[in-house]
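Written out below as structure tokens is the structure these notes cover.
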Amino acid sequence: MFERCVGLVWCSGCRIYSGNVVHVPRERVLVDLFASLPPERRDRVLRSETRVVEFLDRQP
């Protein structure tokens with residue numbers, strides 16, 4: 001079946017993001033853009049909405 005996940009969409013051009021609850025098949029592997037960060041940095045980024053947006057804005 002499906003899992004409910006929070007889906008975030010970020011537009012670097014207009015600097016707007018939105019979030020929705022989405023249904024994702026259980027067998028689908030989701031990419032975690034924060035996984036490559038060291039644990040301390042990851043925690044620091046995820047504690048601040050501003051830091052999350054800045055981090056996402058720097059991604060290709």
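A quick note: this is a predicted structure, and the numbers were derived from the prediction, not measured.
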Sidechain-backbone polar pair: N20 side chain, V22 backbone, donor-acceptor under 3.5 Å: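 It does not hold such a pair.
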Donor-acceptor under 3.5 Å (R42 side chain, L37 main chain):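 No; judged by distance alone, with no hydrogens or angles, the pair does not exist.
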CZ on F55 to OG1 on T50, rounded to 0.5 Å: 15.0 Å
Hydrophobic cluster identity match, V31 and V53, side-chain contacts under 4.5 Å: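 Shared cluster, yes.
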Pairwise salt bridge (Lys or Arg N to Asp or Glu O under 4.0 Å) hits with a residue in residues 50-60, at least two apart: R15-D57
Contacts of P38 that satisfy side-chain contact (heavy atoms from CB on, under 4.5 Å) - sequence neighbours left out: E40, R41
Results of side-chain contact (heavy atoms from CB on, under 4.5 Å) for E27 - residues two or more places apart only: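 Listed in chain order: P25.
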side-chain contact (heavy atoms from CB on, under 4.5 Å) between R4 and H23, intermediate numbers included: CA-CA 5 Å; R4 288 185 291 177; H23 292 94; 3.6 Å; yes
On a heavy-atom basis, which atom in [X] and which in [Y] lie closest, and how many Å separate them?
X	Y	value
C5	V24	SG-CG2, 4.1 Å
L56	L33	CD2-CD1, 3.8 Å
V45	V52	O-CG2, 3.4 Å

